[in-house]
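Please read the structure below before turning to the comments.
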Amino acid sequence: CIFELLCAFVMLNLVIAVILDNFEEYNKQEALPVSESDFGQFAYEWGKLDRFSSYYIQITEFPTLLKRLNAPLGLKAIPSDLQRRALSKFLLGCDVRNKGG
């Protein structure tokens with residue numbers, strides 16, 4: 001009885017190990033366009049605009065945020081003369097709700 005229980009426990013651990021290994025391999029293959037450093041830069045720039053940590057910024061500050069961020073979250077790498085057109089296109093494609101300005 002104890003031997004059967006031990007074998008079942010070992011087999012269960014083996015199955016879990018295979019599932020976790022495949023999950024890890026899948027996550028490595030899927031290259032996300034946004035890295036952790038991108039998120040860090042976003043949080044830093046957002047914090048400069050949201051000084052009271054309210055998790056909201058004024059809608060008028062949103063273009064400023066986008067101009068300060070590198071791609072893929074922002075438009076910093078785009079030359080200044082093309083930034084206005086790119087900003088308009090980017091803002092029209094965003095689904096951002098305005099909560100009182």
Side-chain angles (χ1 to χ4, degrees):
C1 182
I2 292 177
F3 179 72
E4 290 174 1
L5 186 62
L6 183 64
C7 288
F9 181 71
V10 169
M11 290 303 290
L12 179 63
N13 281 334
L14 184 62
V15 169
I16 291 172
V18 169
I19 291 171
L20 289 177
D21 187 48
N22 286 335
F23 181 73
E24 183 180 333
E25 191 65 32
Y26 174 76
N27 283 340
K28 284 181 184 176
Q29 291 174 356
E30 188 175 323
L32 298 175
V34 181
S35 68
E36 286 189 38
S37 64
D38 293 331
F39 281 120
Q41 181 192 22
F42 177 83
Y44 176 75
E45 294 297 340
W46 185 282
K48 286 169 47 175
L49 297 172
D50 181 20
R51 292 189 182 105
F52 300 108
S53 300
S54 65
Y55 301 106
Y56 294 100
I57 60 172
Q58 296 291 321
I59 194 74
T60 56
E61 294 175 331
F62 190 59
T64 304
L65 176 68
L66 294 176
K67 289 178 185 178
R68 291 180 181 177
L69 295 173
N70 293 323
L73 297 177
L75 307 168
K76 188 175 184 179
I78 296 177
S80 300
D81 55 334
L82 301 175
Q83 246 183 17
R84 187 175 182 94
R85 176 183 278 170
L87 186 61
S88 296
K89 187 177 179 181
F90 192 90
L91 289 173
L92 288 174
C94 289
D95 184 22
V96 177
R97 286 183 271 153
N98 185 356
K99 293 196 174 224

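- Among Q41, K48, K76, the one residue that satisfies the side chain to side chain contact (heavy atoms under 4.5 Å, CB included) test with R68 is K48.
- D50 CG to Q58 CD: the interatomic distance, rounded to the nearest 0.5 Å, is 10.0 Å.
- In this structure, OH in Y44 is found 11.0 Å from CG in L49, a value given to the nearest 0.5 Å.
- Hydrophobic clustering (side-chain heavy atoms under 4.5 Å, transitive across Ile, Leu, Val, Met, Phe, Trp, Tyr) groups I59 together with I57.
- Atom CZ of residue R84 and atom NZ of residue K67 lie 7.5 Å apart, to the nearest 0.5 angstrom.
- Taking all atoms of both residues into account, the shortest heavy-atom contact from I78 to A86 is CD1-CB, 3.6 Å.
- Using a 4.5 Å cut-off between side-chain heavy atoms of Ile, Leu, Val, Met, Phe, Trp and Tyr, with links allowed through other members, L69 and Y56 fall into different hydrophobic clusters.
- Nearest heavy atom pair, residue P33 against residue P72, reads O-CG, 3.3 Å.
- Closest non-hydrogen pair, L73 versus F42, comes out as CD1-CB, 4.0 Å.
- Here the CG atom belonging to L82 is positioned 12.5 Å from the CG atom belonging to L87, to the nearest 0.5 angstrom.
- Under the 4.5 Å side-chain contact rule for hydrophobic residues, W46 and F39 share a cluster.
- Remark: the backbone N or O of V18 is not paired with any side-chain donor or acceptor of D21 at under 3.5 angstrom.
- To the nearest 0.5 Å, atom CG of residue N13 and atom CD1 of residue I16 are 5.5 Å apart.
- Note: the hydrophobic cluster containing L20 also contains L12 (ILVMFWY, side chain heavy atoms under 4.5 Å, direct or indirect links).
- The CD atom of Q83 sits 9.5 Å away from atom CG of L66, with the distance rounded to the nearest 0.5 Å.
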